[in-house]
Amino acid sequence: MLNSKIPQGSLENKWNDYKGHVKLVNPSNKRKLEIIIIGSGLAGASAASSLGELGYKVKVFCFQDSPRRAHSIAAQGGINAAKNYQNDGDSVFRLFYDTVKGGDYRAREANVYRLAEVSANIIDQCVAQGVPFAREYGGLLSNRSFGGTQVQRTFYAAGQTGQQLLIGAYQSLERQVALGNVTMYSRHEMLDIVKIDGKARGVICRNLITGQLERYFGHAVLLCSGGYGNVFYLSTNAMGSNATAIWKAHKKGAYFGNPCFTQIHPTCIPVSGDHQSKLTLMSESLRNDGRIWVPKKKDDKRRPSEIPEEERDYYLERRYPAFGNLVPRDVASRAAKERCDAGYGVGNSRMAVYLDYASAIERYGRGEAGKHHLENADADTITKLGKEVVKEKYGNLFDMYAKITGEDPYTTPMRIYPAVHYTMGGLWVDYELMTTVEGLYCLGEANFSDHGANRLGASALMQGLADGYFVIPYTIGNYMADEIRTAAISTDHPAFVEAEKEVSDRINALMNIKGSQSVESFHKQLGKIMWNKCGMARNEQGLKEAIEEIRQLKKEFWSDLRIPGGINELNNELDKANRVADFIELGELMCIDALHRRESCGGHFREEMQTEEGEALRDDEHFKYVATWEYKGDHEWKLHEEDLNFEVAKPTQRSYK
Amino acid sequence: MDHHTMSLTLQVWRQQNANARGKFVTYKVDDISPEMSFLEMFDVLNEKLVNEGSEPIAFDHDCREGICGSCSMHINGRPHGPWAATTVCQLHMRAFHDGDTIVVEPWRANAFPVVKDLVVDRSAFDRIIQAGGYISVNTGNAVDANATPIEKTHADAAFAAAACIGCGACVAACKNSSAMLFMSAKVAHLSLLPQGAPERKSRVLDMVAQMDKEGFGSCTFTEACEAVCPKEISVTNISRLNAEYLVAGLTVDK
Ligand SMILES: Cc1cc2nc3c(=O)[nH]c(=O)nc-3n(C[C@H](O)[C@H](O)[C@H](O)COP(=O)(O)OP(=O)(O)OC[C@H]3O[C@@H](n4cnc5c(N)ncnc54)[C@H](O)[C@@H]3O)c2cc1C
Ligand code: SF4
Ligand code: FES
């Protein structure tokens, strides 16, 4: 049975009560306890620095050449916190409520409430570390809005919020390295966990420079390895983002929660050709000021500037007057797909919509003209002033768009289309962030927890840092307090030897296929299947086909893959092969999960289940649960359901009209 | 948008590992569209190499959005290639013409040894940060974020310095292989903020000492670094660092 270990008591008191009663480990014992952390993104780096400060002996692993390069660095728009600095009615409760509703009532209330509670501490902590958030002229912190909310609670550092937060956490991590509390292993990839007597006790890593396999012991293991959006090949994730760490843990007993819950982000630069290696996000913050539209006429080939105002369809403002361009991501993505599928798309591929800044530039320009007492400013002056404001707010995003497309977004509306962005699914964890394997924890995007079936913008950074800075330092104590008598286990223990052998056998098997197709070509094929049949819209027939196609692809992969180079050296093709082999298996589980969930909720849209107006139709009677999958062997999984109880945020049909 | 394609000649540095001798190898690539990024052009070449059964060219990359600082190619004598304020991953093939020859090398600096082909070891940067590139604050010790207002001009200047992605192009561009631009960006970021003030003196002294230890050269202010920096980190940060260093050296209590 799944035990989510949610503390008793009222929602507001659960976390405080928990903290008040959790077991503690005294400082001299902490020095004898070792913790392994896989990942140095926001979740991993914040956990590592906090646990190092507490006195645990920490080892951190990442596959990049420096912990500072973890994928979190790429987050653009911002981080939420219930500070209510804008005095616009925000509160812990409202952030909690928005998140549960935004997730379409498929998240655990207690976790989300805790997240909202600690959100304010995150901002304090980051500012103390020197994170240069945007400020107003008075010197206080500035905020903006993100989708799915009606308050301004998002803190940001231009379009580089993730970078600044990660550098803050990275610097704290490096401080602990200097103090000798944390040892950092860059260019290391975890390829399996080691279990002894049912508990996670270590990992097997491949040194990506020498190719050697290495064994590491820990009293506990934390997986902070990020999301698995790259199952789709094309996504906004970094090229190296992968599922291997959590997939290996899954095969060793950690259940997988809601694997099919994927977030498709509405505003990304559209695909330009077959050569495309990844997709680039245009931050959701752009929907604060930009207006989204398509022509009212089908297949309109005119340039955007030639289409007069009354012939434009601002379809989000039309369909969702209350939230307009700031509806949640799943809603905005589906609306864009609907328009393009119906023949109203723009650009060469007709698979894009416009994101237009003309009216924002004019509005800001007028504001600036007013500030500078330019009563009769002409249109050019207003545009010039307006562009300056927009540049300050979104300059780096506009530059990025210009470099990629060769077009100037200050004068021509941007072309955008939805793309895979984030995975709400992940390893199932209880309230303490422990998986179904004792001593094995999962933090950040890698776990399934706080976002239900759809994550609100600016909430992933919040969750990663909440998990690492404020949750795990308490919850791990509850486990470690009983480990103080466990001496460090030698890595000569048979369990380590056996785990290493499994990894080495698999690597040899991959190298010995000596077939004819590259890893890249298999990854692309998998991506196509997933995007077409398990993407923005899913149906029974498509999913059944996808499962068959993926099984076929797996056979082909294991019989026709070609990896050049050797094992004992830096070999990027081998690294990728290890990852893609796991993506293929995970892809199958995602389709199985999507097929079983015969309802539409959040990012999971089953075409069979929709309202007359084309909105997602939930089925609370049958699916108000976390679908948690236990690995049983090749192509075999067993479903366990964690029922969700909504005591405070009562499920209703989500409406943003 | 035009839809021509290009054929190019690439001369790429190949080196099996840190101890092997490297050499330039010439490759031809065809059907390169101007919409591709430079790294996507490398993907095309690598795919071809794999299909021919030879080893693809190793290069560092991850985000492909100009923010992680992984990518690092010296293109036609310039770190990150011809476009100003642009990392290689954001460089697009529009920058080149049909028939061009492009020379691609790794970063060259004693403190950045080559690992393989175009991949170098930049861990020296992490060790410089370990020497003091942080504010010593433990989790949970923070006061309310708005308790200390920070003048917007200072906050903006700190942010501009903090934009450094740690790519190392500044070192690669410098004839002395100095890491001054990278290090000064960190010193400026932290010393411009009131939170960073208590450790100002020890920070700059310790970081400079570590930089020397790592084998980076000294700065003769040629400003080659600023010219290639993808994040437009300004050399005024170096002046700030020098001033901080001088004051710290004169007044620090040992
Ligand atoms: C372009 C983009 C923009 C975004 N913008 C926002 C935003 O504005 N606001 C917001 O809230 N969220 C945003 N997100 C989402 C957010 O950035 C991520 O969800 C979050 O940063 C994930 O952090 P993490 O610590 O869980 O994992 P990551 O940052 O992905 O870190 C994973 C770490 O694990 C390591 N790792 C993985 N596998 C292994 C292995 N097998 N062995 C060893 N190490 C391994 C990696 O090296 C890395 O260090 C954005 C995401 C993208 C793609
Ligand atoms: S200062 Fe510029 S060139 Fe140097 S590491 Fe930082 S971003 Fe790269
Ligand atoms: S790949 Fe991240 S900056 Fe170029």
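Chain naming here is simple, since letters A, B, ... match the order of the sequence lines and numbering starts at 1 in each. Basis for what follows: all heavy atoms, side chains included, without hydrogens, waters or symmetry-related copies.
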Next on the checklist: Closer than 4.0 angstrom, basic N to acidic O: yes or no for B/K116 and A/E569?
Outcome noted: yes
Checklist entry - Is the backbone of A/K403 close enough, under 3.5 Å, to the side chain of B/R94 for a donor and an acceptor to pair up by distance? => result yes
Checklist entry - Could B/D144 and A/K83 be called an ion pair, given the rule that one side-chain N must be under 4.0 Å from one carboxylate O? => result yes
Next on the checklist: Counting only heavy atoms not in B/Y27 (residues, nucleotides, ligands), do more than 12 fall under 6.0 Å from its OH?
Outcome noted: yes
Next on the checklist: Is B/E40 close to chain A through its backbone or its side chain, or both, or neither, when contacts mean heavy atoms under 4.5 Å?
Outcome noted: side chain
Item to check | Short side-chain to backbone donor-acceptor contact, A/Q125 and B/G140, under 3.5 Å | outcome: yes
Checklist entry - Out of A/E520, A/Q129, A/R68, A/M400, which one racks up the most heavy-atom pairs below 4.5 Å with chain B? => result A/R68
Next on the checklist: Using a 6.0 Å cut-off, check whether atom CG of A/D274 has over 12 heavy atoms from anything other than its own residue.
Outcome noted: no
Next on the checklist: Between B/D62 (side chain only) and A/G240 (backbone N and O only), is there a donor and an acceptor less than 3.5 Å apart?
Outcome noted: yes
Next on the checklist: Distance alone, cut at 3.5 Å: any donor-acceptor contact between the side chains of B/N146 and A/R135?
Outcome noted: no
Checklist entry - What residue in A/V131, A/V519, A/T280 has the most heavy-atom pairs under 4.5 Å with chain B? => result A/T280
Checklist entry - Okay, side chain of A/Q171, backbone of B/I135: is any donor-acceptor separation there less than 3.5 Å? => result no
Next on the checklist: For B/Q210, which atoms come within 4.5 Å of any heavy atom of chain A: side chain, backbone, both, or neither?
Outcome noted: neither
Checklist entry - With sequence neighbours left out, what residues match B/W13 under ring pair (Phe, Tyr, Trp, His ring centres under 6.0 Å)? => result B/F24
Item to check | Residue-level interface, residues 178-186 of chain A with chain B, non-hydrogen cut-off under 4.5 Å | outcome: A/A178
Next on the checklist: Would B/D60 and A/R187 count as a salt bridge (Lys or Arg N to Asp or Glu O under 4.0 Å) here? Give the steps.
Outcome noted: CA-CA 11 Å; B/D60 267 326; A/R187 294 201 201 264; 2.9 Å; yes
Checklist entry - Judged by atom type as modelled, is there a donor-acceptor pair below 3.5 Å linking the side chain of B/Q130 to the main-chain atoms of A/R175? => result no
Item to check | Side chain / backbone / both / neither for A/E392 at chain B, heavy atoms under 4.5 Å | outcome: side chain
Checklist outcome for this item: Contact list (residues 63-72 of chain B to chain A, heavy-atom gap under 4.5 Å, by number) returns B/C63, B/R64, B/E65, B/I67, B/C68, B/G69, B/S70
Checklist outcome for this item: Per-residue tally against chain B (heavy atom, under 4.5 Å) across A/A128, A/G565, A/S516, A/G52 peaks at A/A128
Checklist entry - Between B/I150 and chain A, which part of the residue has a heavy atom less than 4.5 Å away: side chain, backbone, both or neither? => result both
Checklist entry - So, the side chain of A/D65 versus the backbone of B/D121: is there a donor-acceptor pair under 3.5 Å, distance only? => result no
Item to check | With B/H92 via ring pair (Phe, Tyr, Trp, His ring centres under 6.0 Å) - residues at least two apart | outcome: none
Next on the checklist: If we ignore hydrogens and angles and just use 3.5 Å, is the side chain of A/Q163 paired with the main-chain N or O of B/A163 as donor and acceptor?
Outcome noted: yes
Checklist entry - Is B/Q195 reaching over with its side chain to a backbone N or O of A/V127, donor-acceptor style, under 3.5 angstrom? => result yes
Checklist outcome for this item: If you tally heavy-atom pairs under 4.5 Å between each of A/A74, A/S49, A/A238 and chain B, the highest tally belongs to A/A238
